Every structure is written in structure tokens, then in C-alpha cells.
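Here the structure comes first, spelled out in C-alpha cells, and everything after it is commentary.
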Amino acid sequence: MRELTNIINASTMNDPLSGAINTPIQLSSTFNQKSFDDFGQYDYARSGNPTREAGENAIAQLEHGKYGYLFSTGMAAISSILFTLSAGDHIIVSKHVYGGTFRVLEDILPHWGITHDFVDFSDLDAIETAIKPETKVLYIETPSNPVLNITDIRAVVKIAKKHQLLTIADNTFLSPFLQNPLDLGVDIVVHSATKFLAGHSDILAGAVVVNDKKLADKIYFIQNAVGATLSVFDTWLLLRGIKTLGVRMTQSSSSAQKIAEHLSNHAAVSNVLYPGLKRHQRYETHMAQAKNGGAVLSFDVGSQENARIVVEALKIPAFSVSLGAVETIISYPPKMSHAELNAEELVACGITPGLLRLSVGLEDADDLIADLDAALALIQ
Ligand SMILES: *Cc1c(COP(=O)(O)O)cnc(C)c1O
């Protein structure tokens with residue numbers, strides 16, 4: 001089955017009771033049991049309910065995995081997988097990891113004796129050097145936020161297998177339509193389904209997909225024990241969003257490519273970070289593991305003052321945090337997603353003072369380009 005068909009197949013159904021094409025919203029926290037001795041499939045909705053299960057099967061199918069789990073947010077999903085670790089365990093994490101993940105690793109897990117090191121994942125030797133006897137996990141995020149650094153997923157998996165480590169990949173930035181880390185040998189894929197999967201800036205959601213039954217059992221145990229599950233209503237909205245994932249990603253990434261190429265030739269833009277550009281340092285690596293450059297790009301307008309002028313002049317994009325929606329969103333990472341980093345840390349991550357991140361939505365690409373040109377004209 002090709003991906004566009006797979007998406008519709010995964011997100012629609014034939015309800016056995018009514019024939020409904022859309023998954024019924026089963027608002028019930030508890031379920032009647034058949035008899036004193038014979039319990040049915042569902043008992044209490046935190047442990048499982050038919051709506052969430054339909055969503056979990058859908059996300060598993062999209063990521064070409066066997067077992068899917070839905071959480072209340074991306075951070076709930078990421079935290080829940082990290083809860084499978086024990087005191088004394090060590091994690092090696094891509095240096096450009098999402099800010100919320102950084103916070104859990106830095107400020108929560110060390111209290112429980114779980115430690116980490118941040119490593120530049122484009123440097124494979126550095127990963128190997130950082131491995132300690134107590135290392136358990138290599139944590140990948142590619143493309144990274146907001147500088148669109150690329151990690152060679154297959155190469156990291158190879159290192160992990162050699163040292164018997166688990167690999168986790170945050171696949172939020174590309175969605176399962178453009179990249180499938182499980183196919184490349186990754187053990188656990190995680191998503192902020194708030195972004196492209198849901199796609200409409202309406203809900204918060206997180207997803208985890210694995211192939212290994214033992215790992216699946218561990219994650220299910222934590223999902224049920226901790227209880228950060230996705231609500232029934234939000235699961236329904238997520239399934240609704242997923243139905244158009246393919247067409248949204250195709251449109252948004254084609255516009256992003258066009259915008260990235262346009263900005264690359266713009267005198268007011270000193271740098272464009274987008275893995276769909278042939279001159280991106282890791283273009284070949286990226287294209288060997290993903291379908292295209294994705295729908296997010298970052299560009300540098302030289303200074304914070306210029307960034308302010310551009311943002312204030314733009315008419316189409318929403319100026320906000322988050323990404324992966326039908327509307328184009330522009331954000332200023334140093335003051336938004338990466339506000340916790342000091343000036344030195346920002347520079348170390350490649351987040352220059354003039355850097356703007358653009359998550360391209362479904363508006364006409366030429367309208368977006370005209371809007372950007374009008375705004376950029378003010379700083380030339
Ligand atoms: C947004 C995001 C998260 C966190 O997800 P929430 O749904 O906001 O909790 C994790 N990873 C990446 C790459 C993200 O963009």
C-alpha cells in the first residue's frame with residue numbers, strides 16, 4: 001500500500017455496530033464486565049478505550065510499527081519513554097534536542113539518578129566516545145529544531161547495535177509521511193502529535209510507536225501507571241487531522257522548498273537552513289532517509305532588530321510558537337522556544353540573533369513569498 005492510501009486506511013474504519021466510517025467517540029470511563037469471572041477487553045479508560053485504541057493503531061500503521069501509544073502531549077510521551085530507565089542509567093542525547101526534552105533531562109531525571117550527555121550527533125566518533133558502561137539510550141532528533149541539523153539515523157543505529165543500546169527518535173519535524181525511523185532500525189519513535197499529525201493548531205497530543213513486544217509492554221505499563229493518556233475527544237481530532245496528513249505534507253513541503261530557494265537568493269537573508277537545499281551540509285544524508293526537506297525552514301536576517309522589523313511587517317504568518325499546522329507560523333527561537341538558553345548557549349547551538357523559523361502552512365506559496373519579500377525590503 002502506498003503512503004497516501006495507508007493514511008486513509010489507517011484513519012478510517014467500518015464500525016462493527018453502525019458501519020460508521022469515522023471512529024466513534026466512546027465517552028465512558030468504565031466498561032461493564034461480562035460476568036464475575038469473565039472480564040472484557042476494556043475495564044477502565046485509562047487502561048484502554050476503543051477510541052484511543054483506534055488512534056493508537058493508526059499511528060502505529062503510519063510509522064510502519066506494531067504497537068502505538070497516545071499520550072496527552074508530546075512531552076508526556078517523551079517523559080513516559082524515559083521513565084522506562086532506572087537509577088544509574090545514562091543517555092546520550094543529540095545536542096540540538098527540543099527544549100522541553102532538555103528540561104526533563106536536565107531538571108527532573110537527575111533527581112532519580114538518570115544522567116545524560118549532550119553530543120553533536122553529526123559527529124559519530126563523538127557519540128562512540130561518550131558511551132559509558134551504564135549508557136542505555138541514544139536519543140536522536142532529526143531534523144533538529146530550529147537549525148535543521150541532520151543526524152544520519154542508520155549510522156547512529158549501527159553504533160547503538162554494536163553497543164547494545166536502545167535508540168529513540170523524535171520524528172515530529174517530518175511526520176511519518178516523510179520519514180519512518182523504525183524502517184531504519186530505530187527502536188522507539190516519538191512524536192509531538194500536536195504538530196503535523198494533528199495539523200490544525202487545535203490539540204496537544206503525543207505518540208510513541210515500537211516494534212518490539214517487550215518494549216511495548218514496558219511503555220504500556222507506564223502509560224497506564226502514570227496516566228498521561230490522550231483524551232477521547234482529542235484522539236478523534238487527531239484521527240481527523242491524520243486523514244489529510246499526506247496532502248498537507250506534500251503541499252507544505254513543496255512550498256517550503258520554493259520559499260527556501262527564494263530566500264537563498266535574497267540579499268537581505270544571510271543564511272537559509274533547510275535540508276531540502278542541495279547546499280545543506282547534510283543534504284545527501286537527509287535525502288537518503290526522508291522523502292523531502294519537510295515544511296520547516298529557518299533563515300537569518302542578520303540581527304535581532306532586523307528580525308523584529310520582518311516579523312512586525314509580515315501579514316500572512318502567525319507569529320507564535322509551535323509548528324506543523326495549516327497556517328504558516330513564524331517564530332523567533334531566541335525569545336520563544338529557546339528562551340531558556342543564554343547568549344553563549346544560543347550561539348553554540350547555531351541560533352544566531354537574526355534567526356527566524358518558518359513552519360510553512362497551506363497558503364499559496366507565491367503569496368507567502370510576496371509577503372516575505374515586502375517585509376525583507378524594509379531591512380535592505
Ligand atoms: C513540540 C515538540 C515536542 C513537545 O511536544 P508537546 O506536544 O508540545 O508536548 C517535542 N519534540 C519536538 C521536536 C517538538 O517540536
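Starting from 1, each residue takes its place in the sequence as its number. Owing to the predicted nature of the structure, the values given are computational and were not obtained by experimental measurement. Read the numbers this way: they start at 1 and go in the same order the structure lists the ligands and their atoms. Hydrogens, waters and symmetry mates play no part in the numbers below; they use all other heavy atoms, side chains included.
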What protein heavy atom lies closest to [atom]? Include the residue and the distance to one decimal.
| atom | answer |
| --- | --- |
| atom 7 (O) of ligand 1 | Thr194 OG1, 2.6 Å |
| atom 11 (N) of ligand 1 | Asp170 OD2, 2.7 Å |
| atom 14 (C) of ligand 1 | Lys195 NZ, 3.0 Å |
| atom 5 (O) of ligand 1 | Ser192 OG, 2.9 Å |
| atom 10 (C) of ligand 1 | Tyr98 CD2, 3.4 Å |
| atom 9 (O) of ligand 1 | Met75 N, 2.8 Å |

Do the non-hydrogen side-chain atoms of [X] and [Y] ever get within less than 4.5 Å of each other?
| X | Y | value |
| --- | --- | --- |
| Lys291 | Gln179 | no |
| Met13 | Ile21 | no |
| Val347 | Thr352 | no |
| Leu358 | Leu372 | yes |
| Glu128 | Lys162 | yes |

Can you find an N/O atom of Gly74 closer than 3.5 Å to an N/O atom of ligand 1? yes
Would you mind listing which atoms of ligand 1 come within a distance below 4.0 Å of any non-hydrogen atom of [X]?
| X | answer |
| --- | --- |
| Thr73 | 7 (O), 9 (O) |
| Ile78 | 10 (C) |
| Glu141 | 13 (C) |
| Thr172 | 11 (N), 12 (C), 13 (C), 14 (C), 15 (O) |

side-chain contact (heavy atoms from CB on, under 4.5 Å) partner of His116, the single match among Thr135, Val93, Leu82, Ile92: Val93
Do the rings of Tyr220 and Tyr69 sit parallel, tilted or perpendicular, given the 30° and 60° boundaries? tilted
Distance flag, aromatic centroids of Tyr44 and Phe31, threshold under 6.0 Å: no
Going by heavy atoms, is Ala205 under 4.0 Å from ligand 1? yes
